[in-house]
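Note that these values count all heavy atoms, side chains included, but never hydrogens, waters or copies made by symmetry.
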Amino acid sequence: MDSKHKPVFIAFSSQKGGVGKSTFTSLVASIMHYRMRYNVAVFDADFPQHSLMKMKSRDLAMVMENENLKRMAYKQFTAIGKKAYPIMQHKAEYLLEAAHKWISESNIPIDVLFFDLPGTVNTPGILRTLAGMHHIFTPITADRMVMESTLIFTQLLQNVIMEKGETSIKSVNLFWNQVDGRENTALYEVYNKLIGQLGLNLMKSQVKKSSKFRKESELDSKNVFRSTLLPPDERLMRACQLDIFIEEFLEIIQL
């Protein structure tokens, strides 16, 4: 492996469960690896759930059972000539060492390494691991408990970890997820103002609410959205404005 090729370390991280960090890890990884042809790998350190490891096992089983998905997977492989991106299981403690070791031994130069991390700063090694990221993306929803825990977490990153200087972090980015057009826009304006007053970075793009975020491939699936083996359908991406989010995401990481 070329030692000059340094992958970007990215984490979708939050202190509140159910806001979509594992979902976005799989979605963005699949888009970048299968559609944009980047070389991607994922470390699943979300102990004890290890959601992404379990998702990949389910995806593999579903492709074998669903003829449509099997054809899609075969067509994709013959078109891009790339295998599925690897997902490795590891605890947060000493995760950076494991990641660097894996990169040094990889036969393929990795462009982006995604980390799915536990949702608590009390996990051994988590703050050190976060400090080793290049970019952190934090999904938020218009819920008081989500906002309180997220703002405390993000301020911790910026005021404690980043200000000490012993970090690789280049950006910490909040973004609205599960935005419902029927919700009170005034509430978002209040939260946006608060985020600005705290000096935190809020992405311009908003990901709209969709039931697809909660569903993986099914036996009768004709369109794929959430999968570790196939990229999300472009029409479904546009419907929830995930395509706009990806554009801004790429601008931030400057790969």
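The aromatic rings of F9 and H100 lie tilted to each other, with the angle between the two planes from 30° to 60°. Ring pair Y34/Y85 is tilted by interplanar angle, where 30° to 60° counts as tilted. Between W176 and Y188, the ring-plane angle classifies as perpendicular under the 30° and 60° cut-offs.
With respect to K21 and D46, a salt bridge is recorded, a charged nitrogen being found less than 4.0 Å from a carboxylate O. One finds no salt bridge joining E189 and K193 here, because no Lys/Arg side-chain nitrogen approaches an Asp/Glu carboxylate oxygen to under 4.0 Å. Classification of E247 and K204 as a salt-bridged pair fails, no side-chain N sitting under 4.0 Å from a carboxylate O. Salt-bridge check for K101 with E105: passed, with a basic side-chain N closer than 4.0 Å to an acidic carboxylate O.
Inter-residue side-chain proximity for I87 and T228 is flagged as met; some heavy-atom pair is nearer than 4.5 Å. By the 4.5 Å heavy-atom criterion applied to side chains, Y191 and L202 are not counted as neighbours. Between V28 and I246, some side-chain heavy-atom pair lies under the 4.5 Å cut-off. Residues L117 and T129 form a side-chain contact, since some pair of their non-hydrogen atoms from C-beta on lies under 4.5 Å apart. Looking at heavy atoms from C-beta onward, D111 lies out of side-chain contact with P7 at the 4.5 angstrom threshold. Under the 4.5 Å side-chain criterion, counting only non-hydrogen atoms from C-beta, L198 is in contact with Q155. In this structure, I80 and R37 have side chains that are in contact, with non-hydrogen atoms separated by less than 4.5 Å. Contact annotation: the side chain of L27 approaches that of F225 to within less than 4.5 Å [non-hydrogen atoms, C-beta and beyond].
No continuous path of hydrophobic side-chain contacts links I31 to I244 [ILVMFWY only; heavy atoms under 4.5 Å]. Note on F77: it does not cluster hydrophobically with I108, by side-chain heavy-atom contacts below 4.5 Å among ILVMFWY residues. F43 and Y94 are assigned to two separate hydrophobic clusters, defined by single-linkage of ILVMFWY side chains at heavy-atom distances under 4.5 Å. By the rule that hydrophobic residues join a cluster once side-chain heavy atoms approach within less than 4.5 Å of another member, L187 and L174 end up as members of one cluster. Linking ILVMFWY side-chain heavy atoms closer than 4.5 Å, directly or via other members, places V146 and I152 in two distinct hydrophobic clusters.
With I10 as the partner, the side chain to side chain contact (heavy atoms under 4.5 Å, CB included) test is satisfied by one option alone out of V112, V40, L255: V112.
Under the 3.5 Å distance criterion, with hydrogens and angles disregarded, a donor-acceptor pair is assigned to the side chains of K82 and N39. The closest side-chain donor-acceptor pair between N173 and S171 falls under 3.5 angstrom.
In terms of heavy atoms, V63 sits closest to A73 at CG1-CB, 4.2 Å. The two residues L229 and Q76 have their closest heavy-atom pair at O-NE2, 3.0 Å. The two residues P139 and S14 make their nearest non-hydrogen contact at O-OG, 4.4 Å. Contact detail for S13 and F153: the closest heavy-atom pair is OG-CZ, 3.4 Å. Residues S51 and R58 come closest through the heavy atom pair O-NH2, 4.5 Å. When all heavy atoms of G132 and L96 are compared, the pair lying nearest together is CA-CD1, 3.9 Å.
Here the CE atom belonging to M62 is positioned 12.5 Å from the CG atom belonging to N68, to the nearest 0.5 angstrom. Distance check, rounded to the nearest 0.5 Å: CD of E248 to CZ of F137 gives 8.5 Å. Atoms OG1 and CD, from T23 and Q178 in turn, are 8.5 Å apart once rounded to the nearest 0.5 Å. The structure places CE of M32 at 5.5 Å from CZ of F114, a figure rounded to the nearest 0.5 Å. For the atom pair CZ (R235) and SG (C240), the distance works out to 13.5 Å, reported to the nearest 0.5 Å. Here F115 contributes atom CZ and L52 contributes atom CG; the two are 13.0 Å apart, rounded to the nearest 0.5 Å.
Aromatic pair F24/F175: ring centres closer than 6.0 Å.
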Next item on the list: Go through V224 and D233 one step at a time and tell me if the side-chain contact (heavy atoms from CB on, under 4.5 Å) criterion holds.
Entry: CA-CA 6 Å; V224 172; D233 181 87; 5.7 Å; no
Next item on the list: Go through the steps to decide whether E234 and R238 satisfy the test salt bridge (Lys or Arg N to Asp or Glu O under 4.0 Å), and finish with yes or no.
Entry: CA-CA 6 Å; E234 292 183 277; R238 289 193 294 270; 5.1 Å; no
Next item on the list: Report the C-alpha distance between M88 and M53 in whole Å, list the side-chain angles of each, state the deciding distance to 0.1 Å, and finish with yes or no for side-chain contact (heavy atoms from CB on, under 4.5 Å).
Entry: CA-CA 7 Å; M88 287 78 66; M53 292 289 295; 5.9 Å; no
Next item on the list: Kindly determine whether V172 and L200 satisfy side-chain contact (heavy atoms from CB on, under 4.5 Å), including the steps that lead there.
Entry: CA-CA 8 Å; V172 178; L200 305 177; over 6 Å; no
Next item on the list: Report the C-alpha separation of M55 and R226 in whole Å, then their side-chain angles, then the decisive distance to 0.1 Å, and conclude whether the side-chain contact (heavy atoms from CB on, under 4.5 Å) test is met.
Entry: CA-CA 9 Å; M55 185 191 300; R226 184 181 170 192; 3.3 Å; yes
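For the pair H135 (side chain) and V8 (backbone), a donor-acceptor distance under 3.5 Å is absent. In terms of modelled atom types and a separation under 3.5 Å, the side chain of S30 and the main chain of P231 share no donor-acceptor contact. No donor-acceptor distance shorter than 3.5 angstrom exists from the side chain of R128 to the backbone of L95, with no hydrogens or angles considered.
For M36, the CE atom sits in a packed shell: over 12 heavy atoms of surrounding residues, nucleotides or ligands are nearer than 6.0 Å. For K70, the NZ atom counts as densely surrounded, since its 6.0 Å shell holds more than 12 non-hydrogen atoms of other residues, nucleotides or ligands. No more than 12 heavy atoms of other residues, nucleotides or ligands sit less than 6.0 Å from atom NZ of K91.
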